[in-house]
Amino acid sequence: MIGLLPLMLERVGILLIIVFLVSRMKSFRNIIRHEHGYKEKMALIAVFGTFGIISNYTGIEIRDGEILTVVWQIAVADDGAIANTRVLGVALGGLLGGPLVGTGAGLIAGLHRLTLGGYTAVACGLSTIVAGIATGFIGNYLRKRGQNTPWRAVAVGIVMECIQMGVILAIARPFSAALQLVEVIAIPMIVINGFGTLLFMLIIQSIFQEQERTRALQTQTALSIADRTLPFFRQGLNAHSCREAAKIILQATNAAAIAITDRERVLAHIGAGSDHHIPEQRIVTRLTRNVLEQGRILKARTKEEIHCSRPDCALQSAIVLPLRVHQKTVGTLKLYFTEASQMDLVEQELAEGLSRLFSTQLELAAAEQQSKLLQDAEIKALQAQVHPHFLFNAINTISALCRTDPDKARKLLLQLGVFFRSNLQGARHTLIPLHKELEHVEAYISLEKARFPGKYSVDFRIEPSLGEVMVPPFTLQPLVENAVRHAFAGRKEGLITIRAYRERDRMVLITEDNGNGIPADVVGRLGKQAVESKEGTGTALVNIGKRIEELYGGEAVFRVESERDAGTKVFISLPLSQESGRGLHVESVHCG
């Protein structure tokens with residue numbers, strides 16, 4: 001038994017060397033990261049089934065309690081058996097890929113074991129299939145609970161080996177030979193396979209950790225570029241802003257050249273190929289025109305796919321991304337490379353993230369331009385409210401989370417996009433569905449809670465049937481923002497409650513906080529006129545009240561109630577009829 005340990009260690013070492021080499025392959029890493037697809041699961045079955053076959057061939061033959069050192073097991077004598085690491089590969093396949101992968105790998109390795117022969121062939125083949133099925137379901141259970149750790153995998157592997165020993169004793173005959181075999185191989189196989197499982201899971205874990213580090217770096221890089229290019233893209237697509245933005249992107253990425261276009265012309269081209277990719281000229285590459293027409297990301301991996309008219313062009317590959325404003329493609333961002341190998345997955349994902357951020361920045365620019373055309377200065381200030389300090393604070397918060405919690409950073413990026421998209425919708429529409437206004441509120445509070453964890457909580461009590469009811473944009477979000485900024489000064493935590501319910505033919509919206517409250521001599525003027533105070537002017541409340549009055553006339557109610565140290569309640573009551581008091585058809589202004 002002791003003599004078997006170093007031989008088993010040698011065999012598991014061979015398998016782990018193979019695993020390590022395979023783990024360096026990009027294709028294997030992609031499979032491990034995206035094992036949920038059918039094609040990926042088939043690939044995992046092939047990979048872990050092959051590990052099982054290799055384990056069978058490199059097994060150590062045991063005959064009459066003696067260890068036979070055969071390097072490659074092609075066939076096992078009728079009175080022989082083999083000690084190997086077969087269950088290791090099958091169990092790991094089940095833990096990582098679920099029941100389908102575990103069962104598939106178990107069938108491949110188990111049936112292959114049957115072909116080698118020996119009096120334990122049936123027992124070992126059956127136990128391998130059982131191990132694959134069992135670990136598949138166990139892996140699903142652990143993954144759903146976030147408990148698929150290396151040490152739990154070791155425990156599962158040890159249990160599977162113990163089950164294999166039990167199956168050998170139950171099925172293999174003669175029993176005396178099976179018992180003698182188990183006495184020799186049980187401890188070495190359990191110890192070595194447990195050790196191998198630990199090392200294998202650490203290798204897989206390093207793949208995921210490397211992925212998280214890469215994503216964190218991507219997010220941080222994208223945010224840094226977005227922060228630096230924000231002043232330029234907020235000017236819209238013009239030659240000067242695009243040239244300055246392209247310089248920043250070129251410095252921060254591995255691209256050989258950066259180009260930005262509108263729908264007709266090249267606005268900027270910085271880097272390789274600048275001698276013939278000249279700004280202010282019409283777009284000449286077919287690849288760019290295809291992106292403008294189709295509105296989706298396209299990639300060129302050869303010089304011919306770029307369709308540049310110059311045969312001596314140094315650009316060999318490219319990623320061309322659409323820049324979109326209000327669901328329309330208004331231009332492209334192009335990252336060029338002098339070698340196709342430079343356009344790796346990291347650069348592609350970074351480019352896609354930049355495309356979305358730049359599109360948002362361009363939408364902000366469009367919203368700002370649109371706001372200049374509004375005649376009412378107070379409504380303009382409300383509808384086009386894009387707060388630079390809020391944006392910079394949000395970016396700083398997300399940037400800080402990139403290294404500590406990349407998943408949360410990505411979720412907050414999405415919430416930031418929702419927040420600004422809601423601002424843009426509010427600038428373009430007179431009325432929006434209630435659920436859109438609530439999305440605006442949720443995005444805002446998510447970003448504020450990330451900055452000040454545990455300080456605020458929001459309780460939504462919304463009747464589901466009211467989600468599609470039309471309301472003026474920026475009705476609830478400014479109220480929640482007021483509460484966050486002013487209601488809880490000097491308090492450790494605060495609660496904001498938002499209610500929406502039907503009351504006969506009206507919808508009632510209530511925003512309430514348990515904050516410091518407002519002095520009695522000020523409350524009566526809120527919503528009617530600006531109020532000078534240390535906490536603010538109340539302009540947001542005035543704007544909300546004025547817009548409700550203009551849209552609904554006397555049919556709507558807007559009221560502020562507050563007491564010192566007892567919180568503030570803002571009460572809004574809107575008619576549910578199709579026509580407001582000013583003759584406005586509510587359903588006719590549904591946002592698209």
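Position 1 is the first residue of the sequence, and the numbers go up from there. Just so it is clear, the model here is predicted, and its values are computed rather than measured.
In this structure, OG1 on T511 lies 4.5 Å from CG on L479, to the nearest 0.5 angstrom. Annotation: the span from L333 atom CG to C242 atom SG amounts to 9.5 Å, rounded to 0.5 Å. Distance CD1/I548 to CZ/F558: 6.0 Å, rounded to 0.5 Å. Expressed to the nearest 0.5 Å, how far CE of M201 lies from CG of L92 amounts to 6.5 Å. Atom CZ of residue F200 and atom CG of residue L95 lie 10.0 Å apart, to the nearest 0.5 angstrom. A distance of 9.0 Å separates CG of L321 from CG of L298, quoted to the nearest 0.5 Å.
Judged by distance alone, the side chain of E437 and the main-chain N or O of Q477 form a donor-acceptor pair under 3.5 Å. Judged by distance alone, with hydrogens and angles left aside, the side-chain atoms of D513 form no donor-acceptor pair with the main-chain N or O of I496 at under 3.5 Å.
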Practice task
Using the salt bridge (Lys or Arg N to Asp or Glu O under 4.0 Å) rule, take K455 and E448 through it: C-alpha gap first, then chi angles, then the decisive distance, then the call.
Solution key: CA-CA 9 Å; K455 187 169 184 178; E448 285 297 312; over 6 Å; no
Practice task
Determine, stepwise, if the pair N238 / S241 fulfils side chain to side chain donor-acceptor pair (under 3.5 Å).
Solution key: CA-CA 6 Å; N238 59 68; S241 65; 3.1 Å; yes
Handout entry: R499 vs R461, side chain to side chain contact (heavy atoms under 4.5 Å, CB included): CA-CA, chis, key distance, verdict
Key = CA-CA 5 Å; R499 288 184 282 166; R461 302 178 186 178; 3.8 Å; yes
Handout entry: Stepwise side chain to side chain contact (heavy atoms under 4.5 Å, CB included) test for V471 and L431
Key = CA-CA 5 Å; V471 299; L431 296 173; 5.6 Å; no
Problem - Residue pair V484, F452: steps toward the side chain to side chain contact (heavy atoms under 4.5 Å, CB included) verdict - result: CA-CA 10 Å; V484 167; F452 307 104; 6.0 Å; no
Handout entry: Full working for side chain to side chain contact (heavy atoms under 4.5 Å, CB included) between L434 and E468
Key = CA-CA 6 Å; L434 176 62; E468 294 300 327; over 6 Å; no
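Counting all heavy atoms, side chain and backbone alike, L412 lies closest to A450 at CD1-CB, 3.4 Å. Across all non-hydrogen atoms, the minimal contact from C313 to Q316 is O-NE2, 3.8 Å. Contact record, N140 with G98: OD1-CA, 3.9 Å, taken as the closest heavy-atom pair. Considering all non-hydrogen atoms of both residues, I544 and P478 come closest at CD1-CB, 4.1 Å. Here the closest heavy-atom approach between residue P150 and residue L198 is recorded as CB-CD1, 3.9 Å. Here the closest heavy-atom approach between residue F337 and residue A256 is recorded as CA-CB, 4.1 Å.
Listed by first and then second residue, the salt bridge (charged side-chain N to carboxylate O under 4.0 Å, His left out) pairs that reach into residues 288-304 are R286-E293, sequence neighbours excluded.
Considering only heavy atoms from C-beta on, I278 comes within 4.5 Å of Q281 through its side chain. Within the 4.5 Å cutoff, no side-chain heavy atoms of Y456 are placed close to those of L495. The closest side-chain heavy-atom distance from I297 to P322 is below 4.5 Å. Residues T253 and I225 have side chains in contact (heavy-atom distance under 4.5 Å, counting atoms from C-beta outward). Side-chain atoms of L315 and H277, non-hydrogen and from C-beta on, do get closer than 4.5 Å to each other. At a threshold of 4.5 Å between non-hydrogen side-chain atoms, the residues L96 and L44 do not count as touching. Proximity of Y336 to I258: side-chain heavy atoms (C-beta onward) are nowhere separated by under 4.5 Å. No side-chain heavy atom of L476 sits less than 4.5 Å from a side-chain heavy atom of V570.
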Solution key, residues 262-272 side-chain donor-acceptor pairs under 3.5 Å, sequence neighbours excluded:
residue : atom : partner : partner atom : Å
D262    : OD1  : E264    : N            : 2.8
D262    : OD1  : R265    : N            : 2.6
R263    : NH1  : T329    : O            : 2.7
E264    : OE1  : R282    : NH2          : 3.3
R265    : NH1  : E280    : OE1          : 2.4
H269    : NE2  : A272    : O            : 2.9

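A search for side-chain hydrogen bond (donor to acceptor under 3.5 Å, both in side chains) contacts involving T229 returns nothing, not counting sequence neighbours.
Looking only at atom types and distance, the side chain of T261 has no donor-acceptor partner in the side chain of K334 under 3.5 Å away.
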